[in-house]
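Predicted model, so just to flag it, every value in this text is computed and none were measured.
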Amino acid sequence: MQGKCIVVTGGAKSGKSVFAETYVQHCVGRKVYVATAQALDEEMKARIAVHKKRRPSSWQTIEMPYGMVDNIKQILQDADVVLIDCLTMYFSNFLFAHEQEADAVIIEKALQEMEQTCQYIHESPGKTVVFVTNEVGCSIVPMGRISRLYRDLIGAINQKAAAQAEQVYATICGITIELKSRQVQLGGTV
């Protein structure tokens with residue numbers, strides 16, 4: 001049995017993290033929470049504190065704003081279930097670490113990291129990794145280049161993660177539905 005990827009997506013403050021935490025609580029085994037946000041200001045520190053307060057003390061927490069593909073194998077050796085919250089913060093960090101590179105190069109490197117991470121997960125029998133991510137493309141086209149690049153990057157990452165996932169959940173207004181089993185597959189002429 002191969003390892004399993006789960007994606008939980010939705011808008012900001014939609015309830016996706018609460019759903020993902022509850023999902024992980026119902027899984028059997030050692031649990032690791034991978035935090036990708038950096039506490040760079042007071043507002044972010046407060047947000048992080050809210051997430052910490054909700055987590056059971058039995059979960060190990062690893063702060064990982066960078067290096068997901070380099071660390072996932074070790075994390076999977078120490079846990080049965082991993083919650084990575086969230087891909088949007090992680091790849092925001094990734095974007096700013098690579099911002100001197102061409103846009104297409106940034107997106108390609110990010111997609112390679114996501115692909116390789118999912119590959120490592122699938123090669124880890126009995127392991128489950130839950131990715132939380134924001135759906136950022138449901139609004140107006142951003143005015144600035146870096147904002148448009150970020151939107152495009154996250155859209156590409158979310159598609160890559162969802163394609164690799166066994167289940168994809170969307171949370172809207174605190175209500176979660178599973179999407180992947182309802183996916184429309186078009187073939188031939190429409």
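To the nearest 0.5 Å, atoms CG (Leu95) and OG1 (Thr88) are separated by 12.5 Å. The OH atom of Tyr33 sits 6.0 Å away from atom OG of Ser17, with the distance rounded to the nearest 0.5 Å. Atom NZ of Lys73 and atom CD of Gln116 lie 7.5 Å apart (nearest 0.5 Å). Separating the CZ atom in Arg151 from the OG atom in Ser147 is a distance of 9.5 Å, to the nearest 0.5 Å. Distance check, rounded to the nearest 0.5 Å: CD of Gln25 to OG of Ser58 gives 8.5 Å. A distance of 10.0 Å separates CD1 in Ile154 from OG1 in Thr9, rounded to the nearest 0.5 Å.
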Handout entry: Verdict with supporting geometry, Lys109 and Glu113, salt bridge (charged side-chain N to carboxylate O under 4.0 Å, His left out)
Key = CA-CA 6 Å; Lys109 284 183 176 181; Glu113 181 157 344; over 6 Å; no
Exercise for the section: Report the C-alpha separation of Met44 and Asp41 in whole Å, then their side-chain angles, then the decisive distance to 0.1 Å, and conclude whether the side-chain contact (heavy atoms from CB on, under 4.5 Å) test is met. Expected result: CA-CA 5 Å; Met44 187 54 81; Asp41 58 35; 3.3 Å; yes
Problem - Check against side-chain hydrogen bond (donor to acceptor under 3.5 Å, both in side chains), Gln60 and Asp78 - result: CA-CA 9 Å; Gln60 179 186 358; Asp78 298 334; 5.5 Å; no
Practice task
In sequence, state the C-alpha distance, the side-chain angles, and the governing distance for Asn71 and Ile62, and then conclude on side-chain contact (heavy atoms from CB on, under 4.5 Å).
Solution key: CA-CA 10 Å; Asn71 293 300; Ile62 297 172; over 6 Å; no
Handout entry: Worked check of side-chain contact (heavy atoms from CB on, under 4.5 Å) between Met68 and Phe91
Key = CA-CA 10 Å; Met68 182 166 53; Phe91 284 103; 4.0 Å; yes
Practice task
List the steps and the verdict of side-chain contact (heavy atoms from CB on, under 4.5 Å) for Asp85 and Val130.
Solution key: CA-CA 8 Å; Asp85 196 354; Val130 178; over 6 Å; no
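Between Lys31 and Asp80 there is no salt bridge, since none of the side-chain N atoms of the basic residue sits less than 4.0 Å from a carboxylate O of the acidic one. A salt bridge is absent between Glu166 and Lys180; no separation between the charged side-chain nitrogens and carboxylate oxygens falls under 4.0 Å.
The residue from Val81, Val24, Val32 that alone fulfils the side-chain contact (heavy atoms from CB on, under 4.5 Å) condition with Trp59 is Val24. Each of Thr128, Leu76, Ile121 was checked for a side-chain contact (heavy atoms from CB on, under 4.5 Å) with Val82, and the lone residue meeting it is Leu76. When each of Arg47, Arg54, Lys52 is paired with Val50, the side-chain contact (heavy atoms from CB on, under 4.5 Å) condition holds for Arg54 and for no other. No option in Leu83, Val129, Ile75 other than Ile75 meets the side-chain contact (heavy atoms from CB on, under 4.5 Å) test with Val34.
At a threshold of 4.5 Å between side-chain heavy atoms, the hydrophobic network of Ile, Leu, Val, Met, Phe, Trp and Tyr places Ile177 and Val168 in one connected group.
For Tyr150, the ring pair (Phe, Tyr, Trp, His ring centres under 6.0 Å) test picks out no residue, with sequence neighbours left out.
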